[in-house]
Colleague: 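Let me give you the structure first, and then I'll get to my questions.
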Amino acid sequence: MKYDFKQIEKKWQEKWEAAGAFHAQDFSEKPKFYALVEFPYPSGAGMHVGHIKAYIGLEVVSRKRRMEGYNVLFPIGFDAFGLPTENYAVKTGIHPRKVTDANIKKFTQQLQRVGFSLDWSRVIDTTDEAYYKWTQWIFLKMLDHGLVFRDKALVNYCPSCKVVLSNEDSQGGKCDICHSDVVQKSKDVWYLRITEYADKLLEGLEEVDYLPNVKQQQINWIGRSTGAFVDFSITDIEEKLTVYTTRPDTLFGVTFMVMAPEHPVIDAHRNQISNMEEIVAYRAECAKKTEFERTQLNKDKTGVRIQGLSAVNPVNGKEIPIYISDYVMMGYGTGAIMAVPAHDQRDYDFAKKFGIEIIEVIQGGDISKEAYTGDGEMINSGFLNGYTNKKDSIKEAIAQLEKMGKGKAGVQYKMKDWAFNRQRYWGEPIPVIHCDKCGIVGVPYEELPLRLPEMENFAPGTEGESPLAKIASFVNCTCPKCGGKARRETDTMPQWAGSSWYFLRYMDPHNDTCLADPKKLAYWSPVDWYNGGMEHVTRHMIYSRFWHRFLYDIGVVPTKEPYAKRTAQGLILGPDGDKMSKSKGNVVDPNDVVDEYGADVLRLYVLFMGDYEKAAPWSEKSVKGCKRFLERTVGLMDLVQGRGVTPALESSFHKTVKKVTSDIEEMKFNTAIAAMMALINEIYDAGTLTVDEMKTFASLLCPFAPHISEEIWEQCGEKDLLSLSAWPTFDEAKTIDDTIEIAVQVCGKLRATIQIPREADQSAVLAAAKADSKVQAALEGKTIVKEIYVPSKIVNIVAK
RNA sequence: GCCGGAAUGGCGGAAUAGGUAGACGCCUUGGACUUAAAAUCCAAUGCGACGAAAGUCGCGUACCGGUUCGAUUCCGGUUUCCGGCACCA
């Protein structure tokens with residue numbers, strides 16, 4: 001038999017398609033299995049091999065599960081709204097719709113050439129109005145439930161892209177898209193109240209099976225901390241200054257307070273402040289710095305004392321100064337802190353610079369050198385003196401504060417509300433109308449989808465306005481409530497919107513009366529296994545978990561959590577060991593590999609190159625090794641004779657079936673393939689195998705290299721598709737050898753290996769070990785002190 | 001700085017409820033086939049020393065130390081690298 005991969009791969013892809021082999025059945029009698037991979041953004045560059053790696057893991061699992069009798073849903077779609085396409089449209093004048101369609105076509109063709117067992121009847125496209133109708137619907141539901149609000153805020157603004165960016169999109173002070181410097185700008189911003197779901201998102205993690213580091217990253221992202229809100233009175237004014245602290249027990253060590261420069265208390269009491277000019281100047285200085293600069297310059301503390309206002313420590317009545325400094329953020333806690341320089345390094349640095357008193361309240365460090373943040377006995381602390389346990393002292397401090405009416409226990413999160421608008425064309429229009437009389441009014445549900453209007457110039461307006469603002473017919477409308485003249489919102493939703501619920505749409509992709517039929521949602525939910533990149537485990541996963549939990553709360557979806565299990569694949573690095581990127585020119589195109597070696601070789605190599613969860617560099621040489629393996633597999637056909645079992649191979653077959661079966665479930669694809677390679681080497685040594693063994697081998701190989709496996713299956717006389725046939729089984733008893741090899745050590749050093757019957761007892765094994773000539777040589781002239789036998793593993797004889 | 005994860009031959013990587021380190025593949029070397037090359041097949045292949053050879057001995061899982069009959073695996077410390085968060089009070 002010849003290995004003509006081009007002809008074989010085309011043949012089987014057509015047969016699978018004609019048979020609808022991979023279409024999921026709604027409401028089948030079989031157990032369901034929903035495998036989800038992160039749908040791609042269809043960029044103009046097409047897919048690279050990293051995409052293949054991201055999908056191939058669950059592709060193998062899905063193919064195996066189908067053979068095991070599951071009703072498998074393994075869908076794909078396209079997350080097609082987004083800036084790169086729009087930027088391309090601005091540059092070339094080609095409509096994003098056309099660009100998107102062309103890119104989707106290219107991605108589809110690439111995916112199909114690799115032979116993925118995806119259900120192509122359920123493809124979704126987030127830019128399809130039949131899809132984004134429901135994205136808008138969910139937004140309106142959130143608006144109805146008070147989870148949407150609008151606020152003027154300093155936002156991250158990219159002067160080059162002319163868009164407002166979320167904190168997540170502007171990390172490191174650089175725009176995620178064009179990498180130019182981000183500046184601060186005051187804007188009206190739409191927010192989703194994700195912070196209201198912080199505890200639910202945290203609790204939900206307890207019931208899901210995510211990789212431990214994925215869970216940990218989400219916990220850190222949400223950033224829950226417990227502590228207390230403490231009220232400080234301010235001299236001569238009524239208002240109190242409330243701070244948040246995780247260590248209320250250090251209150252006796254408070255020697256000053258710090259507010260964020262923009263704190264509203266300052267403006268409210270400007271008349272009492274004698275150095276307002278100095279404060280205004282400092283504010284101007286801070287505004288010039290981007291958030292990135294603010295956080296980078298964390299060594300050198302700057303600030304200004306507010307002259308005319310001072311605070312009173314609620315536990316000891318001491319009057320203390322108040323400063324403003326940009327090391328305190330308006331966006332976390334209350335925008336003001338109580339400073340405990342003896343036990344917080346930032347406060348310590350500030351106190352040293354401004355010559356403020358430092359009072360030690362926890363023993364154990366040397367506060368002449370640095371702040372002490374460890375544990376120890378409380379001192380100089382009135383009613384808290386003598387406490388040595390942090391938990392107890394905090395508890396006592398809160399109890400006392402509550403008694404005095406000066407404070408209460410509280411919780412804070414690092415996670416912020418989700419800025420949910422972009423001034424861009426290629427996104428879902430936010431379905432909201434501004435009415436002078438009625439305020440913000442949602443577009444009526446029956447008017448959805450609110451379509452993206454046609455236009456020709458996609459360049460954003462100046463000052464970060466959306467291109468949609470230029471279309472009068474879109475902007476001008478009537479208020480659905482009062483019927484008066486009104487203006488339509490012109491901002492669109494961020495890239496993350498469409499991907500926050502796409503996994504639900506796959507369950508019922510063509511429904512036009514609801515986002516998905518509740519019966520189908522009930523059948524398929526939740527996603528059994530979700531695989532994707534580590535870069536998406538915080539933003540995308542937390543956003544989508546938030547949307548899903550909201551939909552659960554309003555009775556739309558049947559489960560609290562969308563994803564039962566989450567894994568992540570490692571990157572494929574370029575042949576040079578660097579991250580693949582267009583600019584470095586080290587990108588490997590899957591089409592090139594398929595052309596030269598075939599889809600089965602590509603699939604096998606991506607799985608074999610290393611631990612699936614770790615990064616590994618591409619190696620063309622090693623690709624050839626996988627090709628050899630498939631050629632040797634084809635070559636087995638020449639050795640086939642007879643039926644039944646080849647005695648010399650029987651145990652090896654059972655062992656390999658066992659190993660491949662369990663390795664796939666653990667995503668240890670590399671060792672599964674290694675086991676099949678080892679088996680094939682054994683078969684060549686034996687020089688013969690039966691048709692039945694050949695078929696078993698093809699079945700095992702099918703999830704990895706399905707085209708050649710189907711071909712072999714057919715050549716063995718089978719009429720039905722191997723992809724829909726049964727997964728091989730093994731007999732545990734036949735994986736156990738009668739004769740086992742035991743290593744014999746003398747004083748911990750390996751001296752010999754002996755063959756013994758499995759059931760041999762300890763004395764027989766030790767006798768055999770001592771009878772070995774090499775062991776005897778090592779024991780020569782020594783007396784045996786101790787003999788250790790670990791059944792079926794090792795003998796160690798200790799001698800002096 | 002904080003939170004995760006990792007470090008094993010020339011290379012990608014196997015093996016951890018403590019038990020023969022280096023499976024499988026790549027590279028390399030020798031041989032077979034061939035007019036020749038490619039492909040294929042067979043053999044060798046952690047490092048070092050001795051030996052004509054069969055072989056023998058020693059050293060080896062980032063580094064230092066510990067527990068143990070026995071440590072890549074467990075414990076303490078150090079270094080380096082990768083990922084995430086970062087003035088979060």
Colleague: Do A:Asp349 and A:Tyr327 meet the criterion of a side-chain donor-acceptor pair at a distance under 3.5 Å?
Modeller: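 No, no side-chain donor-acceptor contact under 3.5 Å.
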Colleague: Please measure how far the P atom in B:rU73 lies from the corresponding atom in B:rA17, and state the result in whole Å.
Modeller: 13 Å
Colleague: Taking the side chain of A:Asn670 as its heavy atoms from C-beta onward, which of B:rG13, B:rC26, B:rA89 lies nearest to it?
Modeller: B:rG13
Colleague: Looking only at side-chain N and O atoms, does A:Tyr244 come under 4.0 Å of OP1 or OP2 in B:rA89?
Modeller: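 Checking A:Tyr244 against B:rA89: no side-chain N or O falls below 4.0 Å of OP1 or OP2.
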Colleague: Give the nucleotide from the list B:rG19, B:rG84, B:rC26 with an atom nearest to the side chain of A:Arg628.
Modeller: B:rC26
Colleague: Check the pair A:Arg247, A:Asp249 against salt bridge (charged side-chain N to carboxylate O under 4.0 Å, His left out), reporting the backbone distance first and the verdict last.
Modeller: CA-CA 5 Å; A:Arg247 292 300 300 269; A:Asp249 54 337; 3.0 Å; yes
Colleague: Using the C1' atom in both, what is the distance from B:rA89 to B:rA7, to the nearest Å?
Modeller: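 Between the two C1' atoms, the distance is 37 Å.
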Colleague: Under 4.0 Å, counting only non-hydrogen atoms across every strand here, what does A:Asn213 touch: a base, just sugar-phosphate, or nothing?
Modeller: sugar-phosphate
Colleague: Of the nucleotides B:rC85, B:rA89, B:rC87, which has the atom closest to the A:Lys301 side chain?
Modeller: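 Closest nucleotide among those given: B:rC87.
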Colleague: Atom CD of A:Glu620 and atom C1' of B:rG12: how far apart are they, to the nearest Å?
Modeller: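 So the two atoms are 15 Å apart, to the nearest Å.
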Colleague: Before accepting this row, confirm whether a basic side-chain N of the pair A:Lys369/A:Asp366 lies closer than 4.0 Å to the acidic partner's carboxylate O.
Modeller: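 Counted as a salt bridge, because a side-chain N and a carboxylate O are separated by less than 4.0 Å.
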Colleague: Side-chain N or O of A:Asn681 less than 4.0 angstrom from OP1 or OP2 on B:rG25?
Modeller: yes
Colleague: How far does the C1' atom of B:rG25 sit from the matching atom of B:rG83, given to the nearest Å?
Modeller: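 About 28 Å, rounded to a whole number of Å.
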Colleague: Given pairs defined as Watson-Crick or G-U wobble with both distances under 3.5 Å, what dot-bracket annotation applies to RNA chain B, with ( ) intrastrand, [ ] crossing, | other strand and . unpaired?
Modeller: (((((((..(((......[....))).(((((.......))))).(((((....)))))..(((((..]....))))))))))))....
Colleague: If you measure from the Lys or Arg side-chain nitrogens to the Asp or Glu carboxylate oxygens, is any gap between A:Glu631 and A:Lys627 under 4.0 Å?
Modeller: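 Yes, A:Glu631 and A:Lys627 are salt-bridged.
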Colleague: Does the pair A:Lys658/A:Asp663 count as a salt bridge with the N-to-O cut at 4.0 Å?
Modeller: no
Colleague: To the nearest Å, give me how far apart CG (A:Leu750) and P (B:rG60) are.
Modeller: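 After rounding, the gap between these two atoms is 16 Å.
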Colleague: In terms of side-chain geometry, is the basic nitrogen of A:Arg224 or A:Asp199 positioned less than 4.0 Å from the acidic oxygen of its partner?
Modeller: yes
Colleague: Could you check if a side-chain atom of A:Phe629 sits within less than 4.5 angstrom of a side-chain atom of A:Val601, using non-hydrogen atoms only?
Modeller: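 Of all side-chain heavy-atom pairs linking A:Val601 with A:Phe629, none is under 4.5 Å.
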Colleague: Taking 4.0 Å as the cut-off, does a side-chain nitrogen or oxygen of A:Lys621 come that near to OP1 or OP2 on B:rC27?
Modeller: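 For B:rC27, OP1/OP2 do not have a side-chain N/O of A:Lys621 under 4.0 Å.
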Colleague: Tell me whether B:rG9 sits syn or anti, counting syn as a glycosidic angle within 90° of 0.
Modeller: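 Here B:rG9 takes the syn form, which means its glycosidic angle is within 90° of 0.
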Colleague: Mind calculating the distance between CD1 (A:Ile680) and P (B:rA23) to the nearest angstrom?
Modeller: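 Rounded to the whole Å, the gap is 19 Å.
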Colleague: I want to know whether A:Tyr597 and A:Tyr605 have ring centres closer than 6.0 Å.
Modeller: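 No: the rings miss the under 6.0 Å criterion.
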Colleague: For A:Arg566 and A:Glu38, what are the C-alpha separation, side-chain angles and deciding distance, and is it a salt bridge (charged side-chain N to carboxylate O under 4.0 Å, His left out)?
Modeller: CA-CA 11 Å; A:Arg566 166 76 185 201; A:Glu38 286 170 350; 2.9 Å; yes
Colleague: Nearest to the side chain of A:Asp326, heavy atoms from C-beta on, is which of B:rC87, B:rC69, B:rU20?
Modeller: B:rC87
Colleague: Would you mind telling me which of B:rC59, B:rG83, B:rC69 lies closest to the side-chain atoms of A:Lys786?
Modeller: B:rC69
Colleague: Nearest whole Å is fine: how far is B:rC87 P from A:Asp347 CG?
Modeller: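 A:Asp347 atom CG is separated from B:rC87 atom P by 15 Å.
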Colleague: Identify the two heavy atoms, one from A:Gly227 and one from A:Ile398, that lie closest to each other, and give their separation to 0.1 Å.
Modeller: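 Answer, listing the atom of A:Gly227 first, then A:Ile398: O-CD1, 3.9 Å.
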Colleague: Mind calculating the distance between CD1 (A:Ile673) and P (B:rA23) to the nearest angstrom?
Modeller: 18 Å
Colleague: Identify which one of A:Val765, A:Asp761, A:Asn796, A:Ile797 satisfies the side chain to side chain contact (heavy atoms under 4.5 Å, CB included) criterion when paired with A:Tyr789.
Modeller: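 By the side chain to side chain contact (heavy atoms under 4.5 Å, CB included) criterion, A:Tyr789 pairs with just one of A:Val765, A:Asp761, A:Asn796, A:Ile797: A:Val765.
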Colleague: Would you measure the distance from the C1' atom in B:rG66 across to the matching atom in B:rA14 and give it in whole Å?
Modeller: 28 Å
Colleague: Figure out the CH2/C1' separation between A:Trp221 and B:rA86, and round it to whole Å.
Modeller: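 Taking CH2 of A:Trp221 and C1' of B:rA86, I get 12 Å after rounding.
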Colleague: Salt-bridge test for A:Asp344 and A:Arg346: reply yes if a basic N is under 4.0 Å from a carboxylate O, no otherwise.
Modeller: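 Salt bridge flag = yes for A:Arg346 with A:Asp344.
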Colleague: With rounding to whole Å, what would you report as the distance between B:rU34 and B:rG51 at their C1' atoms?
Modeller: 37 Å
Colleague: Check whether any side-chain nitrogen or oxygen of A:Lys668 sits under 4.0 Å from OP1 or OP2 of B:rA15, and answer yes or no.
Modeller: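 Indeed, a polar side-chain atom of A:Lys668 lies that close.
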Colleague: Do A:Asp347 and A:Lys301 pass the salt bridge (charged side-chain N to carboxylate O under 4.0 Å, His left out) test, and can you show the C-alpha distance, the side-chain angles, and the key distance before you say yes or no?
Modeller: CA-CA 9 Å; A:Asp347 298 345; A:Lys301 296 279 180 291; over 6 Å; no
Colleague: What nucleic acid atoms does A:Thr246 come within less than 4.0 Å of, heavy atoms only: base, sugar-phosphate, or nothing?
Modeller: sugar-phosphate
Colleague: With a 4.0 Å heavy-atom cut-off, tell me which residues in residues 604-615 of chain A come close to RNA chain B, sorted by residue number.
Modeller: A:Phe608, A:Met609, A:Asp611, A:Ala615
Colleague: Nearest-nucleotide wise, let me know which of A:Ile788 and A:Ala674 is further upstream toward the 5' end of RNA chain B.
Modeller: A:Ala674
Colleague: Could you pick out which residue, A:Ser622 or A:Ser225, lies toward the 5' side of RNA chain B when each is mapped onto its nearest nucleotide?
Modeller: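 First, find each residue's nearest nucleotide; the 5'-ward one identifies A:Ser622.
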Colleague: Of the listed nucleotides (B:rA89, B:rU20, B:rG4), which one gets closest to any side-chain atom of A:Gln745?
Modeller: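 The answer is B:rU20, which lies nearest to the side chain.
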Colleague: When all nucleic acid strands are considered with a 4.0 Å heavy-atom cut-off, which category describes A:Lys627: base, sugar-phosphate, or nothing?
Modeller: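 Since no nucleic acid heavy atom lies under 4.0 Å of A:Lys627, the category is nothing.
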Colleague: Please pick, from B:rU20, B:rG83, B:rG25, the nucleotide with the shortest atom-to-atom distance to any side-chain atom of A:Met677.
Modeller: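 Among B:rU20, B:rG83, B:rG25, the one nearest the side chain of A:Met677 is B:rG25.
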Colleague: Please measure how far the P atom in B:rC47 lies from the corresponding atom in B:rG12, and state the result in whole Å.
Modeller: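 Going atom to atom, P in each nucleotide, I get 16 Å.
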Colleague: Tell me whether the side-chain N or O atoms of A:Glu741 pair up with the base of B:rU20 as donor and acceptor below 3.5 Å, since no angle test is needed here.
Modeller: yes
Colleague: If the C1' atom of B:rC59 is compared with that of B:rA54, how far apart are they to the nearest Å?
Modeller: 23 Å
Colleague: Distance between the C1' atoms of B:rA23 and B:rU35, in whole angstroms?
Modeller: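 Nearest-Å result for B:rA23 against B:rU35 at atom C1': 41 Å.
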Colleague: Using a cut-off of 4.0 Å on non-hydrogen atoms, how would the nucleic acid contact of A:Arg224 be classed: base, sugar-phosphate, or nothing?
Modeller: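 Contact class for A:Arg224: none.
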Colleague: In whole angstroms, how far is the P atom of B:rA71 from the CD1 atom of A:Ile794?
Modeller: 11 Å
Colleague: In whole angstrom, what separates A:His536's NE2 from B:rG83's P?
Modeller: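 Taking atom P of B:rG83 as the reference, NE2 of A:His536 is at 16 Å.
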